[in-house]
Engineer: 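Got a structure for you, written out below as structure tokens; questions coming shortly.
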Amino acid sequence: MTSPIRSIETVLVDIPTRRQHRLSFGTITAQNYALVIMTDEDGRIGLGEASTIGGPAWAEESTETIQIMIERYLAPHMIGADPQHLLRYARAMDVWVRGNRFAKAALQMAQLDLAARQLGVPAVQLMGGQVHDSIPLAWTLASGDTDRDIEEGEEKLAQRKHEIFKLKIGYGDPAKDVAHASRIARHFSGRARVQVDVNQAWDEACAVSSIAGLEEAGISLIEQPVARERLDVMQRLAHRFDTLIMADESLSTSADAFALARSAAADVFALKLTKAGGPWATLNTAAVAQAAGIGCYGGCMLETSVGTAAYLHCFSAIPAITHGCELFGPLLLVDDLVTEPLRMSEFSIHLHPGAGFGVDLDLAKLDFYRRDPRRVHIPMNGANHVVPRIHAS
Ligand code: MUC
Ligand code: MG
């Protein structure tokens, strides 16, 4: 039954990736997480997670700022609170702190997990119940090497894990990117859907010529081709091309969703709990999408199974998720933080039936991957590198 919040702890975690992951703004070899552990007076635990890509390179927040925002400005208000008051605290967080949506999202996830565990129900039930039992699951090919990406895609298809591939481009010469993506799209033609994520790297002229080439090669969707502020350019691209244009960085809040919908600046919305500021904000954005007749894609920030499970419960409650999802984060990491892996098979990810988000922390793993004060975290060229200090004692 319900019981007040006793403590809230935020732990920084670094987990290496299985292979380098190259995006337009840098190359990742490890992912960083701010993990929130919320405990109630009966000792029950709720988990939340904020994952950032490239430190503050993808969005404004880093795991370090997330930790300090939670510990100093958000969590102290919630000690002794009833975790069942989900929307009350989601709204209050916007009064206590402006912005800092990743921090709020991690905290709201932990509260939702705890509230659902107290009631003994899956978290999805507190968001209206599931409309999807499973969601088609994309994989990102981003090794930086065309042959290696094709090989990796073939493996994923053979394992029946993924038949949607997202390519990360925008790193170098646009003509080379188009050639790279076109070769992969033609290779998998008729067997897999291939889409690209440009992560804001192009200007309008470059986007027009590049998308024309990508469209010809059969690329199905272009994610965030230009700077997030340029809704005018997004609008012209969406109008000009048949290939779907998806808003990712351009879309955080439901107000952004409204502006995008009103100007027809995107055909698809990428939803993420962290950039939105939590599960409730994500549901609000999805409601705008539904009202506007815009389909949604379940995005990710390369979460561990903790964040992935939180995203999955929320996405499962969203009818407008019609373009699949990319909740593959745990598969890219060398290890995970939970005792049981999430269920991914037959090209989909499946909702876990347990209470809360249905995942439990593996304490030994947490102990191993929690940030060691003897290691330094260096954001370099927009990328994340966790390197040992030279003179560790
Ligand atoms: C993004 O911009 O979509 C998520 C998966 C991936 O490969 O990159 C991201 C972030
Ligand atoms: Mg993206």
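Just follow the structure's listing: the first ligand is 1, and inside any ligand the first atom is 1.
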Engineer: Using the side-chain contact (heavy atoms from CB on, under 4.5 Å) rule, pick out the option among Ser316, Pro353, Cys314 that qualifies with Val124.
Structural biologist: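 Among the candidates, only Ser316 passes.
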Engineer: Quick test of your reading of the structure: of Gln224, Met301, Lys166, whose heavy atom lies closest to atom 3 (O) of ligand 1?
Structural biologist: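 Nearest option to atom 3 (O) of ligand 1, by heavy atoms: Lys166.
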Engineer: Assess whether atom CZ of Arg18 is packed by more than 12 heavy atoms of other residues, nucleotides or ligands within 6.0 Å.
Structural biologist: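 It does: Arg18 CZ has more than 12 such atoms within range.
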Engineer: Show the atoms of ligand 1 that are less than 4.0 angstrom away from any heavy atom in Asp248.
Structural biologist: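 Contacts of ligand 1 toward Asp248, numbered from 1: 1 (C), 2 (O), 3 (O).
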Engineer: Any side-chain heavy atom of Thr274 sitting closer than 4.5 Å to one from Tyr311?
Structural biologist: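 Yes, side chains in contact.
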Engineer: Report the member of His21, Glu223, Glu326, Lys272 with the shortest heavy-atom distance to atom 7 (O) of ligand 1.
Structural biologist: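 Closest candidate by heavy-atom distance is His21.
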Engineer: Counting heavy atoms only, which part of Met246 comes closer than 4.0 Å to ligand 1: side chain, backbone, both or neither?
Structural biologist: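 Neither; nothing of Met246 gets under 4.0 Å from ligand 1.
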Engineer: Quick one: does Gly299 get within less than 4.0 Å of ligand 1, heavy atoms only?
Structural biologist: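 In this structure, Gly299 fails to qualify as a contact of ligand 1 - no heavy atom is under 4.0 Å.
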Engineer: So Phe328 and His21, would you call those rings parallel, tilted or perpendicular, with 30° and 60° as cut-offs?
Structural biologist: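 Aromatic pair Phe328/His21 classed tilted.
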Engineer: Looking only at side chains, do Glu152 and Ser143 share a donor and an acceptor under 3.5 Å apart?
Structural biologist: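 No, no side-chain donor-acceptor pair sits under 3.5 Å.
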Engineer: Around the Mg ion (ligand 2), list the protein N/O/S atoms within a radius below 2.8 Å, excluding water molecules.
Structural biologist: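 Atoms qualifying: Asp197 OD2, Glu223 OE2, Asp248 OD2.
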Engineer: Can you find an N or O of Glu249 that's nearer than 3.5 Å to an N or O of ligand 1?
Structural biologist: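 There is no such contact.
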Engineer: Which atoms of ligand 1 are found less than 4.0 Å from any heavy atom of Ile53?
Structural biologist: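 Within the 4.0 Å cut-off of Ile53, ligand 1 contributes 9 (C), 10 (C).
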Engineer: Just by modelled atom types, is the Cys300 backbone N or O under 3.5 Å from a matching donor or acceptor in the Lys272 side chain?
Structural biologist: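 Flag set: sc Lys272 to bb Cys300 pair under 3.5 Å.
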Engineer: Is any side-chain heavy atom of Glu154 closer than 4.5 Å to a side-chain heavy atom of Arg191?
Structural biologist: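 Yes, side chains in contact.
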Engineer: Going by the order shown, which atoms of ligand 1 are within less than 4.0 Å of some heavy atom of Asp197?
Structural biologist: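 Numbered from 1, ligand 1 contributes 1 (C), 2 (O), 3 (O).
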Engineer: Tell me if the centroids of the rings in Phe188 and Phe165 come within less than 6.0 Å of each other.
Structural biologist: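 Yes, they do, as the ring centres are separated by less than 6.0 Å.
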Engineer: Can you report which non-hydrogen protein atom sits closest to atom 8 (O) of ligand 1, along with the distance?
Structural biologist: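 Looking only at protein heavy atoms, the one closest to atom 8 (O) of ligand 1 is Lys168 NZ, 2.8 Å.
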Engineer: So which of Gln224, Arg230, Glu229 actually passes side chain to side chain donor-acceptor pair (under 3.5 Å) with Ser250?
Structural biologist: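 Only one of Gln224, Arg230, Glu229 forms a side chain to side chain donor-acceptor pair (under 3.5 Å) with Ser250, namely Gln224.
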Engineer: Do Val334 and Leu332 land in one hydrophobic cluster if side-chain heavy atoms of ILVMFWY residues count as linked below 4.5 Å?
Structural biologist: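 Val334 clusters together with Leu332.
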